[in-house]
Amino acid sequence: MKGRLTWVAEIVSTKILSLIFNTMSNEAGIKNPNGTMFKTLIAGYPSGDKRLTFVQMEALTGLSARDEWDFAHLGPTNQPFIKANYPHHEGIWAWGSRVDQVVIVVCHIRRSMVEYHDILWDIGYAHTNLYSERAPINDFYVWRDERVLDEIDWYGWWIDFYMENGLMRDMLTHNITTPEHWYMLMQPTRYKKAEMTYDLIVGNDAIVQPSYDPHCLNDVPTCIPVEIISAERLIQDSAMGRAEGVKIANTLVGKQGIDDWLIEEEAWECIWEELIIHRKGLKTVLDRCRTDDDTVEACDETIGEQDYNFSEEMLTKMISELNRLIIKYSASGWAPISVTLVELLTEHRADIQQELIEVQTGVRTLTQDDFLGTETRRKMKDEFAAKAQQTSEQ
């Protein structure tokens, strides 16, 4: 109990609590605790949402999280919280069998498409700029349009992976696939899209026996999540946001080693408030809402992504993928956590359906910087050129 008592004593006053969060902003915290530590994998589609989740765990315990790539390049540690994009190709299973449970963070599909590409651009900046500003979209929007339509399928494929305990599927057709094909899909920079189509590698008429990722069978009790976290809900200054913080804390209750450090329940809401409302601790995507003088402005409930429009082509594809997932996981026989998943995806679909109406009725006007898709961009090419010509003549 010494660890818990020490941690509780340190946060008796709000003043001391603030000092703790300021210290955490410098990435302090216990990085390699002694003894057996129950370990949690915080998995998500590439975005900043996992960071919003693990900083809650860090603040609740005083123990630090670790990125999957750190295990690959720096070796193992006893850190109890592991952040991962796996099985997305931006991730890697590098922690061996050091995970005891999985928590997944389900990000809004629309924001995932923006956030993932923002992070790819941010990585090219100095490390101190990560999450500090929006990527200059003009530099990559052509390349982006070619990727996003496929990534919408990849988003659903990622969710299926965890809900089905690592069942190997093709991300474009969603058919059960072979290990040979699945491992090719996880290396899209090695193989061109045309080189790894389902029909070419497996065959559309093939009868394929289900195969599962060996990691889900051998290195973790199950890849099926014990909890699903929503960053959109977590950041809301409401009872819903506080409840999401409690969900995160409850995943740590009673866990070996962790329980010795977990702060008392009476302080959970204070932890959430300091991190989400007062923006203490490590930088997250919320810090993109900071002004030049480092004061904090309110982010909207979609974490500041509404200034990018999506075309009807893109939005229709998102709705189609969400429909597939909602219908699938509304059926009986899934883990109880599927109820939460369906609730979140249904909320996301309603947002996108409303945006689609706004695009179709002209409330939202598309520009060449928006997420257009290959067909829409091709059709609007002449329109954009004419507008540019008019501007130059004025």
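Residues take their numbers from the sequence shown, with the count starting at 1. From a predicted model like this one, the values you see are computed outputs, not experimental measurements.
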Can you tell me if Asp213 and Tyr86 form a side-chain donor-acceptor pair at under 3.5 Å?
-> yes
Consider only side-chain heavy atoms of I, L, V, M, F, W and Y, link residues closer than 4.5 Å, and tell whether Leu345 and Met240 are in one cluster.
-> no
Any donor and acceptor pair, going by atom type alone, linking the side chain of Tyr329 with main-chain N or O of Arg324 inside 3.5 Å?
-> no
Could you walk me through whether Glu313 and Thr376 pass side chain to side chain donor-acceptor pair (under 3.5 Å), step by step?
-> CA-CA 7 Å; Glu313 176 184 353; Thr376 302; 2.6 Å; yes
Gln101 and Thr40: side chain donor to acceptor below 3.5 Å = yes
Is it true that Asp351 and Arg110 have a side-chain N and a carboxylate O under 4.0 angstrom from each other?
-> no
His108 backbone acceptor or donor facing Glu232 side chain under 3.5 Å | yes
Would you find a donor on one side and an acceptor on the other, under 3.5 Å apart, between the side chain of Lys39 and the backbone of Met37?
-> yes
Asn165 and Thr222: side-chain donor and acceptor closer than 3.5 Å?
-> yes
Distance-only side-chain donor-acceptor flag, Asn323 / Ser320, under 3.5 Å = no
Output yes when Asp219 and Arg98 qualify as a salt bridge under the 4.0 Å nitrogen-oxygen rule, no when they do not.
-> no
Assess whether side-chain contact (heavy atoms from CB on, under 4.5 Å) is satisfied between Thr61 and Ile258, documenting all intermediate values.
-> CA-CA 7 Å; Thr61 62; Ile258 304 300; 4.1 Å; yes
Give the C-alpha distance, both sets of side-chain angles, the deciding distance and a yes or no for side-chain contact (heavy atoms from CB on, under 4.5 Å) between Gln56 and Ile276.
-> CA-CA 9 Å; Gln56 294 277 332; Ile276 300 300; 3.6 Å; yes
Taking only Lys NZ, Arg NE, NH1 and NH2, and the carboxylate oxygens of Asp or Glu, determine whether Glu195 and Arg190 approach each other closer than 4.0 Å.
-> no
Spell out, yes or no, whether Leu74 and Val99 are grouped together once hydrophobic residues are joined by side-chain heavy atoms under 4.5 Å, including indirect joins.
-> no
Using the rule that two of Ile, Leu, Val, Met, Phe, Trp, Tyr join whenever any of their side-chain heavy atoms come within less than 4.5 Å, decide whether Tyr212 and Leu41 are in one cluster.
-> yes
Is there side-chain contact between His348 and Glu343, with heavy atoms separated by less than 4.5 Å?
-> no
Taken to the nearest 0.5 Å, the spacing of Glu375 CD from Lys379 NZ works out to 6.0 Å
Do we get Arg66 above Phe81's six-membered ring, with its NZ or CZ under 6.0 Å from the centre and within 45° of the axis?
-> no
Per the ring pair (Phe, Tyr, Trp, His ring centres under 6.0 Å) rule, which among Phe161, Tyr45, Trp157, Trp93 passes with His88?
-> Tyr45
Identify which one of Ile357, Thr316, Leu322 satisfies the side-chain contact (heavy atoms from CB on, under 4.5 Å) criterion when paired with Ile352.
-> Leu322
For Arg279 and Glu274, run salt bridge (charged side-chain N to carboxylate O under 4.0 Å, His left out): C-alpha distance rounded to whole Å, both residues' side-chain angles, the deciding distance at 0.1 Å, then the answer.
-> CA-CA 6 Å; Arg279 310 286 168 82; Glu274 289 295 311; over 6 Å; no
Hey, does Glu115 have a side-chain heavy atom less than 4.5 Å from the side chain of Cys107?
-> no
Going by heavy atoms in the side chains, are Pro210 and Leu167 under 4.5 Å from each other?
-> yes
Rounded distance [0.5 Å steps], CG in Leu325 versus CG in Leu344 = 12.0 Å
Could you tell me whether Arg233 and Glu347 have a side-chain N and a carboxylate O separated by less than 4.0 Å?
-> yes
Is the backbone of Gly245 close enough, under 3.5 Å, to the side chain of Lys247 for a donor and an acceptor to pair up by distance?
-> no
Looking at residues at least two apart in the chain, or sitting in another chain, which of them share a disulfide bond (SG atoms under 2.5 Å apart) with Cys223?
-> Cys216
Can you hop from Val253 to Val226 via hydrophobic side chains spaced under 4.5 Å?
-> yes
Starting at NZ of Lys193, measure out to CG of Leu172 and round the result to the nearest 0.5 Å.
-> 5.5 Å
So do the side chains of Pro87 and Trp182 get within less than 4.5 Å of each other, counting heavy atoms only?
-> yes
Tyr183-Met171 co-clustered via ILVMFWY side chain contacts under 4.5 Å = yes
Would one find more than 12 heavy atoms of other residues, nucleotides or ligands at under 6.0 Å from atom CD of Glu180?
-> no
About how many Å separate CD1 of Ile104 and CG of Asp49, when rounded to the nearest 0.5 Å?
-> 12.0 Å
Side chain of Tyr198, backbone of Ile176: donor and acceptor closer than 3.5 Å?
-> yes
Are Lys83 and Glu68 close enough for a salt bridge, meaning some N to O gap below 4.0 Å?
-> no
Partner set under ring-ring contact (aromatic ring centres under 6.0 Å, His included) for Tyr162, not counting sequence neighbours | Trp158
Can you check whether Met113 reaches Tyr155 side chain to side chain, under 4.5 Å on heavy atoms?
-> yes
Ile109 side chain reached by Ile152 side chain, heavy atoms, under 4.5 Å = yes
In terms of ring plane angle, is the pair Phe371 and Phe310 parallel, tilted or perpendicular, where the classes change at 30° and 60°?
-> parallel
Sub-3.5 Å donor-acceptor pair from the side chain of Asp170 to the main-chain atoms of Asn175, do we have one?
-> no
Which one of Ile248, Thr53, Leu52 satisfies the side-chain contact (heavy atoms from CB on, under 4.5 Å) criterion with Val105?
-> Thr53
Lys317/Asp153 ion pair, N-O < 4.0 Å | yes
Point-to-point distance, once rounded to the nearest 0.5 Å, from CD of Glu265 to CG of Leu60 = 11.0 Å
Please check if the side chain of Asp370 supplies one atom and the backbone of Asn309 the other of a donor-acceptor pair under 3.5 Å.
-> yes
Scanning both residues in full, the closest heavy-atom pair of Arg242 with Glu269 reads NE-OE2, 3.0 Å
Between the side chain of Asp259 and the main-chain N/O of Gly254, is any donor-acceptor distance below 3.5 Å?
-> yes
Would you say the side chain of Gln209 lies within less than 4.5 Å of the side chain of Thr178, judging by non-hydrogen atoms?
-> no
Any side-chain heavy atom of Thr177 within less than 4.5 Å of one from Ile201?
-> no
Working for side-chain contact (heavy atoms from CB on, under 4.5 Å), residues Met168 and His181 | CA-CA 9 Å; Met168 295 181 176; His181 184 224; over 6 Å; no
Do the side chain of Trp272 and the main chain of Leu234 share a donor and acceptor less than 3.5 angstrom apart?
-> yes
Who pairs with Trp268 by ring-ring contact (aromatic ring centres under 6.0 Å, His included), at least two apart in sequence or on another chain?
-> none
Output yes when a side-chain donor or acceptor of Arg377 lies under 3.5 Å from a complementary backbone atom of Gln368, and no otherwise.
-> yes
Yes or no on side-chain contact (heavy atoms from CB on, under 4.5 Å) for Tyr308 and Asp369, after CA distance, side-chain angles and deciding distance?
-> CA-CA 8 Å; Tyr308 291 159; Asp369 294 341; over 6 Å; no
Kindly compute the distance separating CZ (Phe54) from CD (Gln79), expressed to the nearest 0.5 Å.
-> 10.0 Å
